[in-house]
Amino acid sequence: MITDFQKRVFIVARNIPRGQVLTYGEVARRLGDKNLARAVGNALNKNRDSKVFCHRVVRSDGRVGGFNSGMARKIKLLRGEGVKIKKGRIISPFLKGD
DNA sequence: AGGGTGACCCGCT
DNA sequence: CAGCGGGCCACCC
């Protein structure tokens, strides 16, 4: 059973353009509350059917974060979209590790 | 109703 | 860079 909250998270994740990433915190901000970041991860984790785009959601410190199907897979998907990942860190001007 | 969990975030040391 | 601690939230016993 998917909750209304999970639905909103899913919608935001789906709207992330290919080759681009958003942090859990940014997703939370889009939902209205910065502090939802933790709950966002929780939601994505439960939504196993949506594993297709949830890989575009990463941590604010530049690390990829987790993935229900394994983060190795997550990194592969991101690389496949042209996202640069160096030593486990995503290269993006929006993230700390740039 | 109350406590535990987790794909988090921020600040400080 | 690596820990630690506190805060926040939805969800599941």
Side-chain angles (χ1 to χ4, degrees):
Chain A
M1 176 63 181
I2 67 165
T3 66
D4 183 65
F5 175 72
Q6 294 181 18
K7 219 185 302 187
R8 284 186 290 167
V9 173
F10 194 79
I11 290 175
V12 175
R14 180 185 22 186
N15 278 329
I16 303 177
R18 197 166 173 278
Q20 192 178 4
V21 297
L22 274 189
T23 71
Y24 295 92
E26 277 295 319
V27 173
R29 202 166 306 177
R30 286 201 186 189
L31 295 178
D33 296 332
K34 239 183 153 175
N35 316 10
L36 284 173
R38 206 162 189 178
V40 168
N42 205 338
L44 290 175
N45 183 25
K46 292 191 169 180
N47 253 349
R48 308 191 154 201
D49 298 326
S50 63
K51 53 188 166 173
V52 186
F53 7 78
C54 50
H55 63 277
R56 304 206 182 110
V57 187
V58 301
R59 293 181 39 140
S60 65
D61 58 6
R63 293 216 260 333
V64 296
F67 203 58
N68 52 29
S69 312
M71 23 185 297
R73 159 131 200 153
K74 184 170 183 176
I75 295 177
K76 246 184 190 179
L77 289 169
L78 289 173
R79 280 240 171 85
E81 298 187 354
V83 178
K84 295 276 191 191
I85 302 179
K86 201 97 174 165
K87 313 258 181 305
R89 287 184 155 268
I90 296 176
I91 310 302
S92 164
F94 289 81
L95 302 177
K96 293 186 177 178
D98 181 33

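Reminder, nothing fancy here: chain letters follow the sequence lines and each chain counts from 1.
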Exercise for review: Could you state the atom-to-atom distance from NZ of A:K96 to P of C:dA2 in whole Å?
Suggested key: 14 Å

Check your understanding: A:L44 and A:Y24: side-chain contact (heavy atoms from CB on, under 4.5 Å), yes or no, with the steps?
Key -> CA-CA 10 Å; A:L44 290 175; A:Y24 295 92; 4.2 Å; yes

Practice item. Determine the interatomic distance between C1' on B:dG6 and the same-named atom on C:dG7; round to the nearest Å. Key: 15 Å

Practice item. Report, as yes or no, whether the 6.0 Å neighbourhood of atom CZ on A:R30 holds more than 12 heavy atoms from other residues, nucleotides or ligands. Key: no

Check your understanding: Quick one: does A:K74's side chain have a donor or acceptor within less than 3.5 Å of a partner on A:V57's backbone?
Key -> yes

Review point. Between B:dC8 and A:S60, is there an OP1 or OP2 to side-chain N/O distance shorter than 4.0 Å?
Key: no

Practice item. Let me know the distance between NZ of A:K87 and P of C:dA2, rounded to the nearest Å. Key: 14 Å

Revision key, fill the gap. Rounded to whole Å, CZ of A:R63 lies from C1' of B:dC9 at a distance of 12 Å

Point to revise | Rounded distance in Å between the P positions of B:dA7 and C:dG6 | key: 22 Å

**Study point:** Euclidean distance, atom CD1 of residue A:I75 to atom P of B:dA7 [Å, nearest integer]
**Key:** 16 Å

Review point. DNA chain B: A:Y24 or A:K34, which has the more 5' nearest nucleotide?
Key: A:Y24

Practice item. Return the minimal non-hydrogen interatomic distance between A:F5 and A:L31, and the atom names on each side. Key: CE1-CD1, 4.1 Å

**Study point:** Rounded distance (Å) that lies between atom C1' of B:dA7 and atom CZ of A:R56
**Key:** 16 Å

Check your understanding: Any idea which heavy atoms bring A:L95 and A:S60 closest together, and the distance?
Key -> CD2-O, 4.1 Å

Exercise for review: Let me know the distance between CZ of A:R59 and C1' of B:dC10, rounded to the nearest Å.
Suggested key: 12 Å

Give the table of side-chain donor-acceptor pairs shorter than 3.5 Å for residues 75-82 of chain A, with sequence neighbours excluded, one pair per line with atom names and distance.
residue, atom, partner, partner atom, Å
A:R79, NH2, A:I85, O, 2.8
A:E81, OE1, A:G19, N, 2.9
A:E81, OE1, A:R56, NE, 2.9
A:E81, OE2, A:H55, NE2, 3.0
A:E81, OE2, A:R56, NE, 3.2
A:E81, OE2, A:R56, NH2, 2.9

Study note, to complete from the structure: Once base and sugar-phosphate atoms are separated, protein heavy atoms under 4.0 Å mark nucleotides 8-13 of chain C, 5' to 3', with B, S and - as BBBSS-

